[in-house]
Q: 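Once you've had a glance at the structure underneath, I'll fire off some questions.
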Amino acid sequence: MKPVAGEQSKQTRITRMAALAWAGLSVALALQWSMDLSMVGFPDGYITPFAKTTSPLLGVLTAACMAQGLYFLFAGLLGRTMSAIGLSLRILIAAILTVAPVLVVKDCPHSATCSAAYEALTNTMMDDGTGG
């Protein structure tokens with residue numbers, strides 16, 4: 001059974017609004033992460049080994065998040081009709097590729113498993129500047 005023209009228009013409006021909402025969230029996250037990266041370090045100029053190691057990765061993920069935000073912005077404004085399932089899959093894939101890794105890296109110093117993996121990979125102790 002095909003949707004009636006009014007239902008299809010409503011579905012298109014909903015998917016476009018969802019794409020625009022994800023675009024807004026992506027751009028906001030990218031701007032926040034960009035600001036966080038610009039303030040890495042201590043007032044005396046010291047940058048922790050953890051920050052030195054993860055800053056390039058976070059920079060790439062921040063740029064990717066901004067790019068996905070622009071993609072979803074244009075998809076929501078100019079794109080052809082998108083199915084709700086197709087849009088949901090695109091948003092899920094975008095979140096897995098950009099947002100999830102940033103959350104893992106930012107939470108790593110507080111996770112014993114992640115800290116152990118970081119220390120094994122880099123052959124250095126976890127030093128995120130916390131402590132006395």
Side-chain angles (χ1 to χ4, degrees):
M1 185 174 2
K2 289 187 176 183
V4 183
E7 289 177 24
Q8 188 174 7
S9 175
K10 183 179 177 183
Q11 182 181 8
T12 301
R13 235 177 304 149
I14 291 171
T15 56
R16 286 182 183 231
M17 287 174 46
L20 292 173
W22 183 254
L25 179 64
S26 296
V27 169
L29 284 173
L31 291 173
Q32 175 65 41
W33 297 338
S34 178
M35 189 171 60
D36 290 348
L37 281 172
S38 70
M39 293 191 294
V40 167
F42 290 91
D44 64 357
Y46 176 73
I47 298 176
T48 64
F50 180 73
K52 285 179 188 175
T53 304
T54 58
S55 289
L57 172 64
L58 291 174
V60 169
L61 291 170
T62 298
C65 192
M66 181 62 79
Q68 90 175 0
L70 294 175
Y71 167 78
F72 282 103
L73 175 68
F74 289 121
L77 292 176
L78 308 172
R80 64 183 198 283
T81 304
M82 293 180 276
S83 70
I85 293 173
L87 177 65
S88 299
L89 285 174
R90 288 181 185 139
I91 289 174
L92 178 65
I93 291 168
I96 289 171
L97 293 177
T98 59
V99 178
V102 171
L103 296 177
V104 168
V105 169
K106 287 184 174 280
D107 190 51
C108 189
H110 309 292
S111 166
T113 305
C114 186
S115 294
Y118 170 82
E119 290 172 3
L121 288 171
T122 62
N123 262 352
T124 61
M125 293 288 293
M126 171 62 78
D127 178 12
D128 66 335
T130 306

Q: May I ask you to decide if Met35's main-chain N or O and Ser38's side chain share a donor-acceptor pair within less than 3.5 Å?
A: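 Yes.
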Q: If we ignore hydrogens and angles and just use 3.5 Å, is the side chain of Ser34 paired with the main-chain N or O of Ala30 as donor and acceptor?
A: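 Such a contact is absent between Ser34 side chain and Ala30 backbone.
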Q: I need the minimum non-hydrogen distance between Gly69 and Ala23, along with the two atoms involved.
A: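 So the minimum-distance heavy-atom pair works out to O-CB, 3.2 Å.
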Q: For the atom pair OH (Tyr118) and CG (Asn123), what is the distance rounded to the nearest 0.5 Å?
A: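 One finds 10.5 Å between OH of Tyr118 and CG of Asn123.
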Q: Does a side-chain heavy-atom distance below 4.5 Å link Thr122 with Phe50?
A: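 Heavy-atom side-chain distance check fails, nothing below 4.5 Å.
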Q: List the atom of Pro101, the atom of Ala95, and the distance in Å for their closest heavy-atom pair.
A: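 Closest pair (atom of Pro101, atom of Ala95, distance): CD-O, 4.4 Å.
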Q: Side chains of Arg90 and Phe72: closer than 4.5 Å at any heavy-atom pair?
A: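 In contact.
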Q: CG/Leu58 to OG1/Thr53 distance, rounded to the nearest 0.5 angstrom?
A: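 With rounding to 0.5 Å, CG (Leu58) is 11.0 Å from OG1 (Thr53).
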Q: Please tell me whether Leu78 and Leu20 are part of a single hydrophobic cluster in this structure, the criterion being side-chain heavy atoms less than 4.5 Å apart.
A: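 In one cluster: yes.
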Q: Restricting to non-hydrogen atoms, name the atom on Trp33 and the atom on Thr62 that form the minimum distance, rounded to 0.1 Å.
A: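 What the structure gives for the nearest pair is CB-OG1, 3.4 Å.
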Q: When rounded to the nearest 0.5 angstrom, what distance separates CG in Leu25 from CG in Leu29?
A: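 CG of Leu29 is found 4.5 Å from CG of Leu25.
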Q: Is Ile91 reachable from Leu103 through a run of I, L, V, M, F, W or Y residues, each pair having side-chain heavy atoms under 4.5 Å apart?
A: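 They do share one cluster, since a chain of ILVMFWY contacts under 4.5 Å joins Leu103 to Ile91.
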Q: Please answer: with hydrophobic residues joined when any side-chain heavy atoms are less than 4.5 Å apart, are Ile47 and Leu57 in the same cluster?
A: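 Same cluster: Ile47 reaches Leu57 through Ile, Leu, Val, Met, Phe, Trp or Tyr contacts under 4.5 Å.
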Q: What closest approach, in Å, do Ser26 and Cys65 show between heavy atoms, and which atom pair accounts for it?
A: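 Heavy atoms only, the tightest pair is O-SG, 3.3 Å.
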Q: Ignoring hydrogens and angles, tell me if any N or O in the side chain of Ser115 forms a donor-acceptor pair with the backbone of Cys108 under 3.5 Å.
A: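 Yes: the side chain of Ser115 pairs with the backbone of Cys108.
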Q: Once you round to the nearest 0.5 Å, how far does CD of Gln32 lie from CG of Leu37?
A: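 The distance works out to 10.5 Å.
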Q: I need the minimum non-hydrogen distance between Asp44 and Tyr46, along with the two atoms involved.
A: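 It is OD1-N, 3.0 Å.
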Q: Quick one: do Trp22 and Met17 end up in the same hydrophobic cluster if we chain Ile, Leu, Val, Met, Phe, Trp and Tyr together by side-chain heavy atoms under 4.5 Å apart?
A: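 No, Trp22 and Met17 fall in different hydrophobic clusters.
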Q: Is any side-chain heavy atom of Asp107 less than 4.5 Å from a side-chain heavy atom of His110?
A: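 Side chain of Asp107 against side chain of His110, heavy atoms only: contact under 4.5 Å found.
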Q: Please tell me whether Val27 and Leu87 are part of a single hydrophobic cluster in this structure, the criterion being side-chain heavy atoms less than 4.5 Å apart.
A: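 Different hydrophobic clusters.
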Q: For Lys52, is there any backbone N or O sitting under 3.5 Å from a side-chain donor or acceptor partner on Ser55?
A: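 A pair under 3.5 Å: no.
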Q: Would a 4.5 Å heavy-atom cut-off, applied to side chains only, mark Lys106 and Asp36 as touching?
A: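 Heavy-atom side-chain distance check passes, below 4.5 Å.
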Q: How long is the gap from OG1 on Thr98 to CE on Met66, to the nearest 0.5 Å?
A: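 The OG1 atom of Thr98 sits 12.0 Å away from the CE atom of Met66.
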Q: Can you name the closest pair of heavy atoms from Ala84 and Ser88 and give their distance?
A: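 Nearest pair, atom of Ala84 first, then Ser88: O-OG, 2.7 Å.
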